**Q** 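Just passing along the structure, written as structure tokens.
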Amino acid sequence: MSKVPVNRVGFSRKTIECKESRIGKQPIEVPSNVTITLGGQDLKVKGPLGELSLVYPREVKVDREDSFLRVRKTVETRRANQMHGLFRTLTDNMVVGVSKGFEKKLQMVGVGYRAALEGQVLVLSLGFSHPVRMTIPDGIKVNVEENTRITVSGYDKSAIGQFAASIRKWRPPEPYKGKGVKYVDEVIRRKEGKAGKKK
């Protein structure tokens with residue numbers, strides 16, 4: 001039998017170039033009514049609506065330049081590039097939150113669906129045998145209009161989004177008639193029901 005020589009397989013290593021995040025390199029403007037406190041990897045932001053704090057990972061740092069904040073990478077790695085854009089967005093949300101605030105609006109669609117406020121408790125009637133009672137967390141305000149429109153507002157964007165999502169989770173909109181709790185700007189993809197048999 002003849003033997004066929006097997007060539008050695010060559011491996012080539014390529015250096016991964018970490019591009020700078022387009023979001024991360026943008027400066028963050030700090031309004032005059034917002035106070036910034038920097039201490040190592042810790043940032044505290046205080047404004048007319050509240051106070052927030054954030055701890056940065058070792059891959060990024062934040063610097064103060066006059067009336068701007070800049071988030072910079074401390075190392076050149078893929079994780080640092082990901083953290084760069086993420087923590088720039090989180091920092092911007094903090095500054096905007098304590099100065100202007102955020103809000104999330106929901107709409108209740110369905111016969112008998114309604115909402116009401118009882119102090120710091122949001123009461124929802126969603127077709128269950130009993131009403132749903134939800135305690136409103138600290139730092140969040142809830143307003144109910146026309147018994148079917150709910151506005152969740154505050155200075156912590158993540159807390160607002162989480163509470164609004166927990167409201168929607170009790171009765172997500174169904175795709176046939178659109179009944180349920182949905183965000184005002186949410187588009188529901190509708191489905192056609194089963195057609196009856198033709199005679």
Side-chain angles (χ1 to χ4, degrees), residues 12-107 117 120 122 134-145 149-169 172 181-187:
S12 61
R13 295 182 178 180
K14 294 183 179 180
T15 303
I16 300 176
E17 296 182 0
C18 298
K19 297 181 180 179
E20 188 173 10
S21 171
R22 289 178 295 177
I23 297 175
K25 66 182 181 182
Q26 297 176 2
I28 301 167
E29 185 177 358
V30 180
S32 58
N33 60 350
V34 174
T35 303
I36 301 295
T37 305
L38 283 172
Q41 294 295 95
D42 298 340
L43 171 68
K44 291 183 179 180
V45 181
K46 187 176 182 180
L49 299 181
E51 183 177 353
L52 293 170
S53 61
L54 182 65
V55 179
Y56 291 80
R58 61 184 181 180
E59 289 87 358
V60 294
K61 66 176 182 177
V62 60
D63 295 325
R64 177 76 182 266
E65 296 180 358
D66 297 329
S67 60
F68 293 92
L69 288 175
R70 286 187 180 273
V71 179
R72 291 187 170 90
K73 295 184 290 184
T74 58
V75 291
E76 290 296 332
T77 62
R78 180 174 294 176
R79 175 177 166 79
N81 194 47
Q82 296 169 349
M83 295 295 102
H84 191 200
L86 171 63
F87 276 83
R88 190 269 173 196
T89 301
L90 294 176
T91 306
D92 184 59
N93 288 342
M94 290 170 60
V95 175
V96 175
V98 298
S99 59
K100 299 179 182 179
F102 295 99
E103 67 176 18
K104 203 81 171 176
K105 295 185 177 182
L106 301 103
Q107 175 74 45
L117 286 173
Q120 284 296 106
L122 176 64
M134 301 182 65
T135 302
I136 302 172
D138 295 335
I140 290 181
K141 295 181 180 179
V142 176
N143 186 33
V144 177
E145 298 178 1
R149 297 178 184 177
I150 305 171
T151 302
V152 183
S153 60
Y155 56 87
D156 190 340
K157 188 175 184 179
S158 62
I160 294 168
Q162 185 175 359
F163 187 69
S166 65
I167 296 174
R168 182 185 181 275
K169 187 174 67 174
V181 182
K182 71 182 188 70
Y183 300 117
V184 170
D185 56 353
E186 183 178 4
V187 178

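All values derive from a computational prediction rather than experimental measurement.
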**Q** Which residue pairs pass the salt bridge (charged side-chain N to carboxylate O under 4.0 Å, His left out) test with at least one member in residues 52-64, sequence neighbours excluded?
**A** E59-R79, D63-R72

**Q** Hey, what do you get for NZ (K182) to CG (L106), rounding to the nearest 0.5 Å?
**A** 9.5 Å

**Q** List the atom pairs, with distances to 0.1 Å, where a side-chain N or O of residues 94-105 and a protein N or O form a donor-acceptor pair under 3.5 Å, not counting sequence neighbours.
**A**
unit_1	atom_1	unit_2	atom_2	d
S99	OG	V95	O	2.7
S99	OG	V96	O	3.3

**Q** Working note: L54 + V62, criterion side chain to side chain contact (heavy atoms under 4.5 Å, CB included); need CA distance, chi angles, decisive distance, verdict.
**A** CA-CA 11 Å; L54 182 65; V62 60; over 6 Å; no

**Q** Atom OG1 in T74, atom NE2 in H84: separation rounded to 0.5 Å?
**A**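 Those atoms lie 10.5 Å apart.
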
**Q** What distance separates T91 OG1 from R70 CZ, expressed to the nearest 0.5 Å?
**A** 13.0 Å

**Q** Rounded at 0.5 Å granularity, tell me how far CG in L38 sits from CG in L69.
**A**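 L38 atom CG to L69 atom CG measures 6.5 Å (nearest 0.5 Å).
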
**Q** Would one find more than 12 heavy atoms of other residues, nucleotides or ligands at under 6.0 Å from atom CD1 of I23?
**A**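 Not more than 12 within 6.0 Å, no.
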
**Q** Can you pull out every side-chain hydrogen bond (donor to acceptor under 3.5 Å, both in side chains) where at least one residue sits in residues 33-55? Sequence neighbours excluded, please.
**A** none

**Q** Going by heavy atoms in the side chains, are N143 and I150 under 4.5 Å from each other?
**A** no

**Q** Got a second to check how far M83's CE is from R78's CZ, nearest 0.5 Å?
**A** 13.0 Å

**Q** Tabulate below the donor-acceptor pairs under 3.5 Å that side-chain atoms of residues 154-169 make, not counting sequence neighbours, or state none.
**A**
unit_1	atom_1	unit_2	atom_2	d
D156	OD1	S158	N	3.3
D156	OD1	S158	OG	2.9
S166	OG	F163	O	2.5
R168	NE	E186	OE1	3.3
R168	NH2	E186	OE2	2.7

**Q** Who are the ring-ring contact (aromatic ring centres under 6.0 Å, His included) partners of F87, not counting sequence neighbours?
**A** Y56

**Q** Taking C-beta and beyond as the side chain, do L122 and V144 meet within less than 4.5 Å on heavy atoms?
**A**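 Yes, side chains in contact.
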
**Q** Could I get the full list of salt bridge (Lys or Arg N to Asp or Glu O under 4.0 Å) partners for D185, not counting sequence neighbours?
**A**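 For D185, no residue satisfies salt bridge (Lys or Arg N to Asp or Glu O under 4.0 Å) once neighbours in sequence are set aside.
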
